[in-house]
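To start, the structure itself, in structure tokens.
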Amino acid sequence: MTAETTPLLVIDDVVAEYRTGSRVVRALDGADLTVGRGERVGIVGESGSGKSTLGLLTGRLLPKATAYPRGRVLVDGESVLDLPPDRLARLRRERLAFVPQDPVGALDPTLRIGRQLRLALRDKPTDLVALLERVLIRDPERVLRLYPHEISGGMAQRVIVAMAMARRPALLIADEPTAALDSQVREEVLRLLFTLAAEHGTTVLWLSHDLGGVARWCDRIAVMYGGRVVEDGTTTDVLTAPQHPYTAALSAADPARAKDGTRLLTIGGTPPVLTESTPGCVFCPRCTSADDTCATARPAPRTVEGRTVLCHHPGPGGTPVPVPDGPAPKAAVPDGQEEA
Ligand SMILES: Nc1ncnc2c1ncn2[C@@H]1O[C@H](COP(=O)(O)OP(=O)(O)OP(=O)(O)O)[C@@H](O)[C@H]1O
Ligand code: SF4
Ligand SMILES: [Mg+2]
């Protein structure tokens, strides 16, 4: 395999357990995901399904007490769980970037924006005014002199995106980057993020609850449940014709699609908090298609209708999420921009 054909990211049967005293939470329970260069992958799933754990795993950024009883993680062919500290630091610096949910919280409140950018990019001399202009910040000289509490959430997230993309990372992990923003700013930040990623050839993992947004911006979608990727395929395939009962239930419960005056469907029961591997399918207690096999045999990955599905009885079902025709919209300079 050449460097170009090696997948950028391989997550292979990873188990990750948070350990605090005698308490164990098995956040990943045999997670698999392979991502090629330049792909835009949306990772979706209910709260607690393991999205953030999977994202942080790519840079071995989980708490020190996390145990990995099984599995491997390869970024650009390098085994992240085995790298010595200096090579891990280099991998994080040179190839990975993270955009968190809370941009203001991610910035140091005691330092002006300009100083933070200079510190973050100290080994990479960068024209900071041009950098902020590239993320559509008006009057960048003034913004560089401000403290984080003096700028809006939307502007703070643009600063974080600028910081993340300045190094032209191979892989960007964006963990609900727009959850704290209002809807207009949200779309602008997503447009910026995906446009810069396309320009730099950066692969994007977008961890999200926004199925409609993922349909607009991602080529591929991986649906997580109980610490595993239970359905993985092209966005169009998975969202318009889900094969896993959980994907179907998740899309039917998408609040963005609730029509006025109609009751929103919900998924009965609650997501699991695992402490160990379950013998059968972890969705079994909530699944309307479950049978005896589901309770006792753990589903293995299988290919169904062009995507990977972890289910003993896959099949069409649920309400499809509309997916826009053609490629995701490209960047455009927004008409207005909210003030700092
Ligand atoms: N630091 C931690 N210590 C102990 N348990 C944790 C820790 N972080 C996450 N968990 C647990 O691990 C499981 C997976 O959590 P994770 O944050 O990865 O889910 P998520 O899909 O990102 O959820 P959300 O949509 O709410 O962000 C959950 O049961 C969560 O409570
Ligand atoms: S394996 Fe069985 S319980 Fe699990 S999702 Fe499929 S049908 Fe439902
Ligand atoms: Mg999360």
Side-chain angles (χ1 to χ4, degrees), residues 9 11-14 16 27-35 39-55 57-58 173-176 179 204-257 265-272 274 278 281-290 294 298-323:
L9 172 67
I11 295 176
D12 175 20
D13 195 23
V14 171
L28 296 179
D29 184 30
D32 293 304
L33 185 73
T34 298
V35 180
E39 280 197 286
R40 300 172 295 185
V41 183
I43 314 276
V44 301
E46 281 168 292
S47 202
S49 56
K51 303 181 297 296
S52 296
T53 305
L54 188 93
L57 174 76
T58 58
I173 292 103
D175 192 347
E176 301 189 52
V204 182
L205 283 195
W206 177 23
L207 321 185
S208 179
H209 287 272
D210 176 5
L211 293 186
V214 167
R216 282 197 296 286
W217 291 105
C218 296
D219 333 292
R220 204 173 130 202
I221 185 163
V223 181
M224 291 197 72
Y225 188 79
R228 300 181 88 188
V229 174
V230 297
E231 183 160 4
D232 174 5
T234 69
T235 308
T236 307
D237 283 351
V238 173
L239 290 183
T240 58
Q243 292 287 323
H244 193 286
Y246 178 65
T247 313
L250 190 69
S251 75
D254 180 9
R257 302 170 55 231
L265 295 173
T266 52
I267 312 177
T270 48
L274 301 178
T278 49
C281 170
V282 72
F283 189 52
C284 194
R286 306 173 77 190
C287 181
T288 51
S289 309
C294 302
R298 192 175 152 88
R302 58 159 87 176
T303 304
V304 183
E305 299 285 333
R307 83 291 303 265
T308 306
V309 182
L310 266 66
C311 175
H312 295 301
H313 309 297
T319 321
V321 171
V323 174

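In what follows, every heavy atom counts, from backbone to side chain, and hydrogens, waters and symmetry copies are set aside. Just so it is clear, the structure is predicted and the values come from calculations on it, not from any experiment.
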Quiz prompt | Validation row: Gln243, Pro316 side chains within 4.5 angstrom (heavy atoms) | solution = yes

Self-check item: Ala253 versus Ile267, closest heavy-atom pair with distance
Solution: CB-CG1, 4.1 Å

Quiz item: Are side-chain heavy atoms of His209 and Val44 found at a separation under 4.5 Å?
Solution: no

Exercise. Please report the closest heavy-atom contact between Thr53 and Ala16, naming both atoms and the distance.
Key: CG2-CB, 4.4 Å

Practice problem: Output all residues satisfying side chain to side chain contact (heavy atoms under 4.5 Å, CB included) with Thr34, sequence neighbours left out; order by chain, then residue number. | Solution: Pro7, Val10

Quiz item: Say you draw a straight line from OG1 of Thr308 to CG of Leu33; how long is it, rounded to the nearest 0.5 Å?
Solution: 10.0 Å

Practice problem: Taking all non-hydrogen atoms of both residues into account, name the closest pair between Gly55 and Ile173 and its distance. | Solution: CA-CG2, 3.9 Å

Practice problem: Output all residues satisfying side chain to side chain contact (heavy atoms under 4.5 Å, CB included) with Ser208, sequence neighbours left out; order by chain, then residue number. | Solution: Trp206, Asp210, Val214

Quiz prompt | Ile11 vs Asp32 side-chain heavy atoms within contact, under 4.5 Å | solution = no

Quiz prompt | Leu28 vs Met224, side chain to side chain contact (heavy atoms under 4.5 Å, CB included): CA-CA, chis, key distance, verdict | solution = CA-CA 10 Å; Leu28 296 179; Met224 291 197 72; 3.8 Å; yes

Quiz item: Roughly how far, to the nearest 0.5 Å, is CG of Leu205 from CZ of Arg40?
Solution: 13.0 Å

Quiz item: Ser47 versus Pro271: any side-chain heavy-atom pair under 4.5 Å?
Solution: no

Quiz item: Quick one: does His244's side chain get under 4.5 Å of Pro314's, heavy atoms only?
Solution: no

Practice problem: Name all pairs fulfilling the salt bridge (charged side-chain N to carboxylate O under 4.0 Å, His left out) condition that reach into residues 41-55, sequence neighbours left out, sorted by first residue then second. | Solution: Glu46-Arg286

Self-check item: Partner set under side chain to side chain donor-acceptor pair (under 3.5 Å) for Arg307, not counting sequence neighbours
Solution: Glu231

Quiz item: So do Cys294 and His313 actually touch side chain to side chain, heavy atoms under 4.5 Å?
Solution: yes

Quiz item: Listed by chain and number, what are the side chain to side chain contact (heavy atoms under 4.5 Å, CB included) partners of Pro272, not counting sequence neighbours?
Solution: Tyr225, Leu274, Val282

Exercise. Can you sort out the partners of Asp175 under side chain to side chain donor-acceptor pair (under 3.5 Å), two or more places apart, ordered by chain and number?
Key: Ser52

Quiz prompt | For the student: nearest non-hydrogen atoms of Ser251 and Ala248, plus distance | solution = OG-O, 3.2 Å

Quiz item: Which of these, Leu211, Val223, Val309, sits in a side-chain contact (heavy atoms from CB on, under 4.5 Å) with Val238?
Solution: Val223

Self-check item: Counterpart residues, side chain to side chain donor-acceptor pair (under 3.5 Å), relative to Ser49 (two or more places apart)
Solution: none

Practice problem: Anything under 30° is parallel, anything over 60° is perpendicular, the rest tilted; go ahead and classify Phe283 against Tyr246. | Solution: perpendicular

Quiz item: What are the two closest non-hydrogen atoms of Ala31 and Gly227, and how far apart are they?
Solution: CB-O, 3.6 Å

Quiz item: Would Thr234 and Asp237 count as having a side-chain donor-acceptor pair, cut-off 3.5 Å?
Solution: yes

Practice problem: Would you indicate whether the side-chain heavy atoms of Cys218 and Val41 approach each other to under 4.5 Å? | Solution: no

Quiz item: What residues, two or more places apart in sequence or in another chain, satisfy salt bridge (Lys or Arg N to Asp or Glu O under 4.0 Å) together with Arg220?
Solution: Glu39, Asp232

Quiz item: Of all residues at least two apart in sequence or in a different chain, which pass the side chain to side chain donor-acceptor pair (under 3.5 Å) check with Arg298?
Solution: Asp29, Ser277

Quiz item: Which atom names give the shortest non-hydrogen contact between Pro301 and Leu310, and what distance separates them?
Solution: CA-CD1, 3.7 Å

